[in-house]
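In what follows, a single structure is set out as structure tokens and then discussed.
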Number of protein chains: 2
Amino acid sequence: MNWNGVIHKYRHYLPFADDVQIVTLNEGNTPLIKADRLAELIAPKANLQLYLKYEGLNPTGSFKDRGMTAAMTQAVHEGANGVICASTGNTAASAAAYAARAGLRCLVLVPEGKIALGKLAASLAYGAEVLSIDGSFDDGLDMVREIVKRQPIVLVNSINPWRIEGQKTGSFEIVDQLDGRSPDWHCLPVGNAGNITAYWMGYKQYDKGRPRILGGQASGSAPIVTGKIVAHPETIATAIRIGNPARWRQALEALDESGGIITAVSDDDILASWKLLAKTEGIFVEPASATGVAALKQQIEMGAIDPNGKTAVCVLTGHGLKDPETAVNQTAPPRTLPATIEALEKHLTGG
Amino acid sequence: MNWNGVIHKYRHYLPFADDVQIVTLNEGNTPLIKADRLAELIAPKANLQLYLKYEGLNPTGSFKDRGMTAAMTQAVHEGANGVICASTGNTAASAAAYAARAGLRCLVLVPEGKIALGKLAASLAYGAEVLSIDGSFDDGLDMVREIVKRQPIVLVNSINPWRIEGQKTGSFEIVDQLDGRSPDWHCLPVGNAGNITAYWMGYKQYDKGRPRILGGQASGSAPIVTGKIVAHPETIATAIRIGNPARWRQALEALDESGGIITAVSDDDILASWKLLAKTEGIFVEPASATGVAALKQQIEMGAIDPNGKTAVCVLTGHGLKDPETAVNQTAPPRTLPATIEALEKHLTGG
């Protein structure tokens, strides 16, 4: 039996009209990977049941595809000819892919010089009109909000409610993969706050238990933690480099209703968790994706979260291949070797 | 119910001892995507049922993970401390990831300057010892074959039979996703020929129908098509830039037994199919992955394959994020725009 994407799977929970033509790339159905070695490192002898929800294995390499299938399906249903979004890169790639699949024009606004190579490359390959603006993500989002008032083009940022509808299927899947129960803690990076909003909505609607939500923001881009808009957000985690989250209020609701925590982690801590994921578990993510793990590690160390016997799911939002340059910069370069067996044997034996 | 990887799913078809500890990243379970628009372009009005098996959505972004879970599981079972492979990049990343997951040392030999950025970045991130040799993939494979005779380290290239055992699960999955039948045509790129060997073995073992196999090689690297070793293979499809395939004989057997076809396609044709996949279906692959589609298109145009009412599966072996540089080089750069609503409106309306 083929998996036909999140709308097909969870149609009953989504408010689509009966006659929509689903635009899908068979997104979702991503692995929930048990991470015993990592659990032991961040919570020694605590019997922490740690799972990694590897959303980087969606078709465009990030969690955005869950919401984009919904937004694009609805856009086509409403007769749209084109879509537009502002993006730090992941939304751009996802919008571009689903627009291509649907045969729609796609415009994406990205902050100049602040988008990871893989995301840019993908958006271009999918045939989107990539517009590099001399401003931030937040500036781009302002422009997009305004243009859709003036022109017949559909906004597909996560302020589009269909994005949240599709995105909430991530919670359904986690519950299904845990055989019908929710985790104790659900940990994730928080940028524009669409994802935290959607997951919480999903858990509530699916009604099979509710986790507490742990949101991580990068220290240099932590408006929700500090309670203040950040005019010039800075972090190596480019996917969450957002100073004025569109879903700020809903993020606070999710935190409040779930008895959750929002915290800031430094770029160094994000990179440390990024390395742990790759070297300990063999899971390569873009830097922002490590923020949930870094936040969990921090809160356990601080004593704010008791890991004993608990189940935690960390959402890994994007694949490491999205940002190969950071990986190359954060690791030692390859060693060059003559193509001889002697050279190889000497390297291997440490001779 | 959680998906726990290809060994867990297809254990009954794999010759593992009862007490192996499975090393898995929950690989497999990749989407089989219906591609109606692409089908209409390459075979107009033929009612071709075209499916794309998106193997780029495995954990390390390529099909190699299916075989690597098996090779690494067996290596750990046999008490290995380390593994080694030669690679054009995808095998390296997969070996590095599964070795990290298993806690083993991992050496990978890659041809200097001939490995795509994403693959290099991933291998480094996973913590492998990446050795860049001044020789080709074929030179590297010779070195690896020799070193494992001298030193206690396990070879995990596809000449390791466990790689083929794991890889054959790709066929099982396609049959399962097609509700228990095999396609008429199974189309894929052919480099070192491990994949064609494994798929054919899988279809035969699963015994629910047999497709004809269509193998595509790049014109500049087509030893099986020409019947001659290629000393200096050249192609933009770096993943199949291999002049002396290790599984040459088995590839010929698969072609012969299935009534298949092996053909060469030019780099231009590969890139044309690569663009079609991204712009028509929203599926971004590394260039080599488009070779199966290019070969199918070519054979239909030549009249060698009758597409009418047939079912064809093209295997897309690796994600486009593996090779972002080719994507950037093959597309127009982003347009730079002032961050003003006026500039955006002017662009949108073509003013």
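Just so we're on the same page: letters track the sequence lines, and every chain starts at 1. Just the heavy atoms: all of them, side chains too, but no hydrogens, waters or symmetry mates, feed the values below.
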Quick check on [X] against chain B: is it the side chain, the backbone, both or neither that has a heavy atom closer than 4.5 Å?
X      : result
A/E112 : side chain
A/T340 : backbone
A/R335 : both
A/N58  : backbone
A/E27  : neither
A/I84  : side chain
A/A128 : neither

As an exercise, state the distance from [atom1] of [X] to [atom2] of [Y], rounded to the nearest 0.5 Å.
X      : Y      : atom1 : atom2 : result
B/H319 : A/K322 : NE2   : NZ    : 7.0 Å
A/N29  : B/N29  : CG    : CG    : 4.5 Å
B/K279 : A/L124 : NZ    : CG    : 8.0 Å
A/T60  : B/L57  : OG1   : CG    : 9.5 Å

If we check side-chain contact (heavy atoms from CB on, under 4.5 Å) with B/R150, which of these qualifies: A/T349, A/L344, A/I341?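 Per the side-chain contact (heavy atoms from CB on, under 4.5 Å) rule, the option paired with B/R150 is A/I341, out of A/T349, A/L344, A/I341.
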
Considering the options B/V130, B/I133, B/L109, B/D134, which one meets the side-chain contact (heavy atoms from CB on, under 4.5 Å) requirement together with A/L337?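 Going through B/V130, B/I133, B/L109, B/D134 one by one, the side-chain contact (heavy atoms from CB on, under 4.5 Å) with A/L337 is satisfied by B/I133 alone.
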
I need the residue from [options] with the largest number of non-hydrogen atom pairs under 4.5 Å to chain B.
options                        : value
A/V144, A/D139, A/T280, A/D323 : A/T280
A/P59, A/A97, A/P324, A/G103   : A/P59
A/S123, A/G135, A/A35, A/A122  : A/A122
A/S132, A/A327, A/A121, A/A102 : A/S132
A/G61, A/P338, A/P31, A/A125   : A/A125

Toward chain A, the part of [X] with a non-hydrogen atom under 4.5 Å:
X      : value
B/E281 : both
B/Q330 : neither
B/A343 : neither
B/L120 : side chain
B/T336 : both
B/N329 : neither
B/I153 : side chain
B/Y54  : side chain

Go through the structure and list residues passing side chain to side chain contact (heavy atoms under 4.5 Å, CB included) with B/R181, not counting sequence neighbours.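 With neighbours one apart ignored, the set is B/L178, B/T311.
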
For B/A272, what residues pass the side chain to side chain contact (heavy atoms under 4.5 Å, CB included) criterion, not counting sequence neighbours?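 Side chain to side chain contact (heavy atoms under 4.5 Å, CB included) list for B/A272, sorted by chain: empty.
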
Is the shortest heavy-atom distance from the side chain of [X] to the side chain of [Y] under 4.5 Å?
X      : Y      : result
B/I147 : A/H347 : no
B/E345 : A/Q151 : yes
A/I33  : B/R101 : yes
B/N2   : A/K34  : no

Surrounding CD of B/Q21 (heavy atoms of other residues, nucleotides or ligands, distance under 6.0 Å), is the total greater than 12?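 Check fails, neighbour count at 12 or below.
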
Tell me the closest heavy-atom pair linking B/L321 and A/G118, and the distance in Å.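 Distance-wise, the nearest heavy atoms are CD2-O, 3.3 Å.
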
Please find the pair of heavy atoms, one from A/L107 and one from B/L348, that lie closest to each other, and give the distance.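 That closest heavy-atom pairing would be CD2-CD1, 3.7 Å.
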
If you count heavy-atom pairs under 4.5 Å with chain A, which of B/V328, B/T326, B/L131, B/D142 comes out on top?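 So the answer, after comparing B/V328, B/T326, B/L131, B/D142, is B/L131.
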
